[in-house]
Amino acid sequence: MIPSVLPTYNRAPLAFEKGEGSWLTTVDGARYLDLGAGIAVNALGHANPDLVAALTAQAGNLWHVSNLYQIPQQQKLADMLVEHTFADTVFFTNSGTEAAELAIKMARKYWYEKGAPERIEILTFDGAFHGRSTGAIAAAGSEKMVKGFGPLMPGFKSLPFGDHDALRAALTNKVAAVMVEPIQGEGGIRVLPDACLKGLRDLCDETGALMILDEVQCGVGRSGKLFAHEWSGITPDIMMVAKGIGGGFPLGAVLATENAASGMVAGSHGSTYGGNPLGCAVGAKVLEIVADPAFLAEVNRKSSLFRQGLEGLVASHPDVYEAVRGAGLILGLKCKAANTDVVKANYAQNLLTVPAADNVIRLLPALNITDEDIAEALTRLDKAATAVAATTP
Ligand SMILES: Cc1ncc(COP(=O)(O)O)c(C=O)c1O
């Protein structure tokens, strides 16, 4: 009999009832150290007092009004995002997938309004993940995600990751935009080198193609900059944001330059819940905290601390681990053992980690994880790796 919850996830037998900082407590009272943070969502940890205060204050006043009206909390967050980024304008969504949908629509509409309606193609890269809508699975193009869901939305081409020549050849005058994650999350914490991102920007400038960055997983302080592309010094035309921006409340956004957004006018897009007062009140508090240079400096310091320990872990468990990847607190351990076995061994140490493609486990702790919790995580990772090595033939 089919479970009452549609079985689209292989769920671990863990049910949590309370969270505090980087710790979660199960319904049975067991405590787990959380290095997943809801897959890069709980940017400021669980039950962060500042976010609880922002949410509850707003909840006592007004939960929802339609986008038919002015929404001051939305205006405030949009102004903050414009102040802190390349963007001139922002549309709020409830998720990363919805942000992907709008980014695609915006790029196509841009060319349509420019009198080049044939420029509809969106170039993406292998290993990419942009969500689960029919548009977003067409963009990712991975066999696993698209099988059985055809016909796929036309107009997407997936290129080999980091292959400059293939990219140049594909950038014809049919291309509306190139869409890329500066750091692939689901794809296995694969960092697109700064030189590639700069080269991509140059190619987009040469050909006119818009550059869409998907910072749903790597954005909002996670890389050690407010947005990961800032490391390379380039700016995109359009950027997708979600996950961390809501700190656990469903919130996403598409940020764009005035030029890239020029095709979008009243009636060309909308959302019932996108930009609701609750989400935006929380998002403004998250951004206020994360955009502080002192906070980002701490993310980088903690990243160095964690990374140093992880390098040691890899060196002492060469049968289990191969390498450390990533930036800031979006870190990955490329495994030699099966990554799913490593994640299970971590569960046995009451430690939550997240598998990714390319036989990687992801470490995406709260950005304000304490030094003590990093040390504790390293101890548990070490014990788990010893257990994996003991059972690996
Ligand atoms: C890079 C990236 N883009 C898009 C998405 C889709 O976001 P959501 O699950 O909020 O729809 C994800 C989710 O994991 C992601 O990592």
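Note that ligands are numbered from 1 as they come in the structure, with each ligand's atoms numbered from 1 the same way. Residue numbers count from 1 along this sequence. Atoms considered below: every heavy atom in the structure, side chains included; atoms not considered: hydrogens, waters and symmetry mates.
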Legend entry - Close side-chain approach of Leu381 to Tyr321, heavy-atom, < 4.5 Å: yes
Legend entry - Side-chain H-bond candidate by donor/acceptor type, Thr257 with Asp88, under 3.5 Å: no
Inset, instruction - Could you list which atoms of ligand 1 come closer than 4.0 Å to a heavy atom of Glu186? - result: 14 (O)
Legend entry - Identity of the nearest option to atom 1 (C) of ligand 1, non-hydrogen atoms only, from Thr97, Asp214, Thr93: Asp214
Inset, instruction - Measure the distance from atom 16 (O) of ligand 1 to every protein heavy atom, then report the residue, atom name and distance (to 0.1 Å) of the closest one. - result: Gln217 NE2, 2.8 Å
Inset, instruction - Could you see which bit of Glu181 sits under 4.0 Å from ligand 1, with heavy atoms only: side chain, backbone, both or neither? - result: side chain
Legend entry - Within reach of ligand 1, part of Ala242 (heavy-atom separation under 4.0 Å): neither
Inset, instruction - Within a distance under 4.0 Å of any heavy atom of Ser95, pick out the atoms of ligand 1 and give their elements. - result: 10 (O), 11 (O)
Legend entry - Exercise: do Asn276 and Gln73 side chains pair donor with acceptor under 3.5 Å: no
Legend entry - Close approach of Glu98 to ligand 1, heavy atoms, under 4.0 angstrom: no
Inset, instruction - Return yes if a side-chain donor-acceptor contact under 3.5 Å exists between Glu186 and Gln217, otherwise no. - result: yes
Legend entry - Nearest-contact summary for atom 8 (P) of ligand 1 - protein heavy atom, Å: Gly96 N, 3.5 Å
Legend entry - Pairing of Asp358 and Lys334 as salt bridge, 4.0 angstrom limit: yes
Legend entry - Within 6.0 Å of CD in Glu20, more than 12 heavy atoms from elsewhere: no
Inset, instruction - Before accepting this row, confirm whether a basic side-chain N of the pair Asp237/Arg201 lies closer than 4.0 Å to the acidic partner's carboxylate O. - result: yes
Legend entry - Within reach of ligand 1, part of Met240 (heavy-atom separation under 4.0 Å): neither
Inset, instruction - Please work out whether any backbone atom (N, CA, C, O) or any side-chain heavy atom from C-beta onward of Arg132 is under 4.0 Å from ligand 1, and answer side chain, backbone, both or neither. - result: neither
Legend entry - Glu98-Ser95 side chain donor-acceptor pair, cut-off 3.5 Å: yes
Legend entry - Contact check: Val216 vs ligand 1, nitrogen or oxygen atoms, below 3.5 angstrom: no
